[in-house]
Each structure stands twice: as structure tokens, then as C-alpha cells.
Protein chains: 2
Amino acid sequence: MSKCEQCIARQLNSLNAMTTEEIRNVSACKTTRFYKKGDVIFGEGESLHGVYCVRSGVCKLTKLSANGKEHTVKLMGTGELLGQRSVISDERTNLSAVALNDIELCFVPKDQIVNPLHENQSFSFDVMKQLAKDLRSAEDDLINMAQKSVKQRMAETLIHIEKVFGVGESGALNVILSREDYASIVGTATESAIRILSQFKKENLISTSGKQITIEDLEGLKRVE
Amino acid sequence: MSKCEQCIARQLNSLNAMTTEEIRNVSACKTTRFYKKGDVIFGEGESLHGVYCVRSGVCKLTKLSANGKEHTVKLMGTGELLGQRSVISDERTNLSAVALNDIELCFVPKDQIVNPLHENQSFSFDVMKQLAKDLRSAEDDLINMAQKSVKQRMAETLIHIEKVFGVGESGALNVILSREDYASIVGTATESAIRILSQFKKENLISTSGKQITIEDLEGLKRVE
DNA sequence: CGGAAATCATGACATAAATCATATTAAATC
DNA sequence: GATTTAATATGATTTATGTCATGATTTCCG
């Protein structure tokens, strides 16, 4: 099994602030797990026994709302940690995690994270900064949700996905999502998501080929109202 | 000047996890400040030189959106810390803080917070937990915003305010907000907020007398759709 | 105290977006 | 490869909510 010490994914997150010894322990304890598209990594309300570090692939964090609809809170890619928050606050998860494509995760037992949090100042400060950053971005999302139109949110979602997950050789977004997934991120009905993407296509802001979406006019998307 | 050691407000937040010595230092450095209703405690994009601990009164954290509207992210009452996040992540504030009534804050210089964060594990772990909790609640808010009706959000806002800030002798909510403030929390137009509160009144879910609002039928409010 | 300004209240209307309905196309399964 | 199932597409209609307009109150302040 590969070691955390050399893992690129690890270098992208707070685990990078661990001491050599701590990382060695993590590496010795961790188990690598594979999930297929659609697999549930963990469900809402579960108590986790550790955190998952995304080695490759992308997954979504979702929450079921009272009216039975699923809302996607965040997409998580290489280097991101799933379940960190639940482990820190020692609560059950408030979100579930679902694989969006085939994905490889390393599961790190709780103790390997919590103990260093209590002992290693630089690690715990790093985690804290990450939480602060996440909180800020959650607040920004909240305000976008409250004050921007569905069209704007869709445009921003496309821009965000391109920025964070990049494009393939053809120029199409690397992350492939169904229209339903887009609706769930944007917070709208699936039909509306489809309609808006069709409209963007007509206006030559994007081009599509099945689920592949390519941003053709970034500035235009930014101008959407 | 009063001392932090005995302050009730302090006991409600992470500062309670500080050592006796740390608290003594904080107490020695802190300055107490008074603000009147409407005063801006800090603005969006400022760099803070410390955090503010709410001793008495209530303030709102708001953010200006692209379209020029103000959105209220959170109300902060006794014991809560303002600016904690900006100080931790060493970034400019993303929100501004405005007093909703006459308010007394203790300003604690940055170093008094950041140094203990690097040295006192139990304090930093407490702060971390708080951030994790805030993050969770921001995510919940996001989903409410995405999937609930304006009426539901208004009902929940009233319930939340009653729960967190309580009621006075008459039974009316302790926190007095304008209809515009309600609109800014709920994420709607001021007219809509007014209309919905009028409707709640007609349906005997609440009673009002000027800005005083009393919840008359909690269960009914919970059932609003 | 009295006038100005802000806040609250409501009606009329416009509009974004949800919902319902029904094809069409693509993907999965036998 | 045929058949079922799921995803995409688009039209028609409804509904919630925003916007504009106008008065009535309340609050503020000289």
C-alpha cells in the first residue's frame, strides 16, 4: 500500500502540518478504499470513526431537506478531507457523501486525527484556519443563495467547477454532473437547470455534448443576471 | 474596570477554556466599548486588531451583496465573539457588525487570542469546536435558504430569535428588529416581510404592537409552509 | 411641539421559477 | 439487439415573490 508520506493528496490539506512521526502513524493505520460512481461513502446522521482523504475522484456532500429534496452543499476533490468536522466536534454527520465518479479514498481512524489535534499546535492551527475558511465560504454561498437569480447561480457554479476541477483536453469540464446534480447545487428544480443550460448553449456561453459541458464564453457567464 | 475573571459573558464562549493566567492577561489588556443602536462596530473588508466579546446587547453581522442589498448572516448576543474568524485566518473581515441596540463590547487585542491559540491546546480545541458548530449551522441555513419558502423562513426566524434571545415580561421577543431587519435575515423584500408578518398576525400566530412581536402559537408557526 | 424622515401597511402588477405534462434521446439491463 | 428505465428537452400553466405606487403611522430631531 502506498504511503502518506509521499502522497500528493495529503500535501493539499491540513495533514501536511503533521509531524513526520504523526504522518507515519497515519500512514500505518490508514486503509485505502475504492468507491464507484453513486456509492454512498457515508450517510447523514452517521457517527464516523475517522476521516476520509480524497486521493482521486470527486464526491458530493449532500443533505436531505424537509421536503425530501436533496441539496448539494459542496463538491470535494483530490486532497480534501471528508468528515473532518464531525470528528472534531464529535457529532454525527449532518451531510452525506456520495461518489460522483470512481473514487479512491484513504480512511484515517479518528484517533490519528484527534490526538495530534490535542498535541500538535501547528496542525491544529492549520485545521482551524481551514474551518475558518470553509465557514467564510459557506456564508458567501448563503448570501448568493439569498440574493442571486437561479441563472446567476448556475453561471457561477459552472465557473467554480471549471476553476476548481479544471478542464480536460477537449476543454470540457473535468467533473461530469447530471442536470439533476446541477439543480441540486444551484438549488432549483431539475427542469429549470436543464432550461437554463439550454439557454446558455443558445447564447453560446457554453457548448454541450451529452453531459460534457464546455465553457465557451467565461466573461459572458460572469455577466449573466 | 470590571474583570474578565468574573464576567458572565466570557463563561459562555471559548475564552472560558483559557488558563487563569491567560484570562488575567486578557483582562488586563481589554478595553470596554459602548455603541449605540445603529453604530457600526466594524465594516466589511476591515482588518481587525482583535476580537470583540459581547457583554450586553445584540448586534447583527451583515454582508453587502453585489446588487447592493444587505443580508444579515447572524445575530450575536451576550457572550459571543465578533471577529474571531478574521483574526484566526488573518484575513480581512467578510462581514460587518452593526449594533441593534445599545451594546457593550470588550475589545481584546489579537495577540491575547492568537498566542493562547498556539500554546493552549484546550483553548484552541474549544475554538475549533465552535468553528465546526458554526460551519454546520451555516450549512443548515444555506439549505433552508435554498429549499424553504419565505414564509417558512420567517416563521423559523421568529422561533429562533425567541429561543436564543428569549422574551421579556410581556412575552414579547427581547430583540427588537425593524421589518427591514427581518427581511434582511430571511432574505426577502421588506414589503414581503411586512406582508408575511401581517398575515401571521391575522392567523393569530403572533401578535404585534409596533416593533414588539409576541409569538402566540409556536406550534402553528412550526407548521407554516 | 411640530414638521421631516423613516417605517409600516396594502393594493396592483410583473416576473422568475416551480410544477405538470409529454416527447425525445441516451443509457442500462436482460 | 430489443426492451425497459433514466435523463434530457421543451411547452403550458400556476404560484410565490419581487417591484412599484401610495397612504398611514410612528419615530426622530430641531
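A, B, ... follow the sequence lines: proteins, then strands. Residue 1 opens every chain. What you see is a predicted model, and the numbers here were worked out from it, not measured in a lab. The basis for the numbers below is simple: all heavy atoms, side chains too, and nothing from hydrogens, waters or symmetry mates.
Taking the side chain as every heavy atom from C-beta outward, N94(A) and R85(A) approach each other to under 4.5 Å. Within the 4.5 Å cutoff, the side chain of I41(A) has heavy atoms near those of the Y35(A) side chain.
K69(B) comes within contact range of the sugar-phosphate backbone alone, with a heavy-atom separation under 4.0 Å but no base atom that close.
Taking CZ of R10(B) as the start and SG of C53(B) as the end, the distance is 9.0 Å to the nearest 0.5 Å.
With sequence neighbours excluded, no residue satisfies side chain to side chain donor-acceptor pair (under 3.5 Å) with E191(B). Among residues two or more places apart in sequence or in another chain, the salt bridge (Lys or Arg N to Asp or Glu O under 4.0 Å) test is passed with E80(B) by K74(B).
Exactly one residue among N101(A), L75(A), I213(A), V58(A) makes a side chain to side chain contact (heavy atoms under 4.5 Å, CB included) with L177(A). That residue is L75(A). A side chain to side chain contact (heavy atoms under 4.5 Å, CB included) with Y182(A) is found for one member of L197(A), T72(A), T190(A) and no other, namely L197(A).
Of the possible donor and acceptor atoms, none in the side chain of T93(B) sits under 3.5 Å from a partner among the backbone N and O of L48(B). Proximity of a side-chain donor or acceptor of N13(A) to a complementary backbone N or O of L81(A) within less than 3.5 Å is not detected.
Annotation: of the two residues near DNA chain C, A193(A) and S178(B), the 5′-most nearest-nucleotide partner is S178(B).
In this structure, the CD atom of E225(A) is 17 Å from the P atom of dG18(D), given to the nearest Å. Atom CG in L177(A) sits about 13 Å away from atom P in dA7(D), given to the nearest Å. One can place CE of M145(B) at 16 Å from C1' of dA16(D), the figure rounded to the nearest angstrom. Note: CD (Q212(A)) to P (dA7(D)) measures 17 Å, nearest angstrom. In this structure, the CD atom of Q199(A) is 13 Å from the C1' atom of dT10(D), given to the nearest Å. As a whole-Å value, the separation of I176(A) CD1 from dT8(D) P is 11 Å. Here the P atom of nucleotide dA7(D) and the CD1 atom of I194(A) are 10 Å apart, to the nearest Å. Across the protein-nucleic acid pair, M154(B) atom CE and dA16(D) atom C1' stand 15 Å apart, rounded to whole Å.
For T190(A) and dA7(D), the shortest distance from a side-chain N or O to OP1 or OP2 is not below 4.0 Å. Contact annotation: S192(B) reaches the phosphate of dG18(D) (side-chain N/O to OP1 or OP2, under 4.0 Å).
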For nucleotides 20-30 of chain D, tabulate all protein N/O to nucleotide N/O atom pairs closer than 3.5 Å, reporting atom names and distance.
none

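Here chain A contacts DNA chain C (any atom closer than 4.0 Å to a heavy atom, that is under 4.0 Å), and the contacts span dA17(C) to dC20(C) from 5' to 3'.
Overall, the helix from dC1(C)-dG30(D) to dC30(C)-dG1(D) carries an axis bend of 50° between its ends, with five pairs at each end and the value rounded to 10°.
The number of heavy atoms from other shown groups lying within 6.0 Å of NZ (K60(A)) is above 12.
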In a table with atom names and distances, give each donor-acceptor pair under 3.5 Å that connects a side chain of residues 153-166 of chain B to protein atoms at least two apart or in another chain.
from	atom 1	to	atom 2	distance (Å)
R153(B)	NE	V186(B)	O	3.1
R153(B)	NH1	K148(B)	O	3.0
R153(B)	NH2	V186(B)	O	2.9
R153(B)	NH2	G187(B)	O	3.0
E156(B)	OE2	K148(B)	NZ	2.7
T157(B)	OG1	R153(B)	O	2.7

- Task: I would like to know whether K129(B) and D90(A) meet salt bridge (Lys or Arg N to Asp or Glu O under 4.0 Å); could you show each step before the answer?
- Result: CA-CA 9 Å; K129(B) 273 194 167 176; D90(A) 198 29; 6.0 Å; no
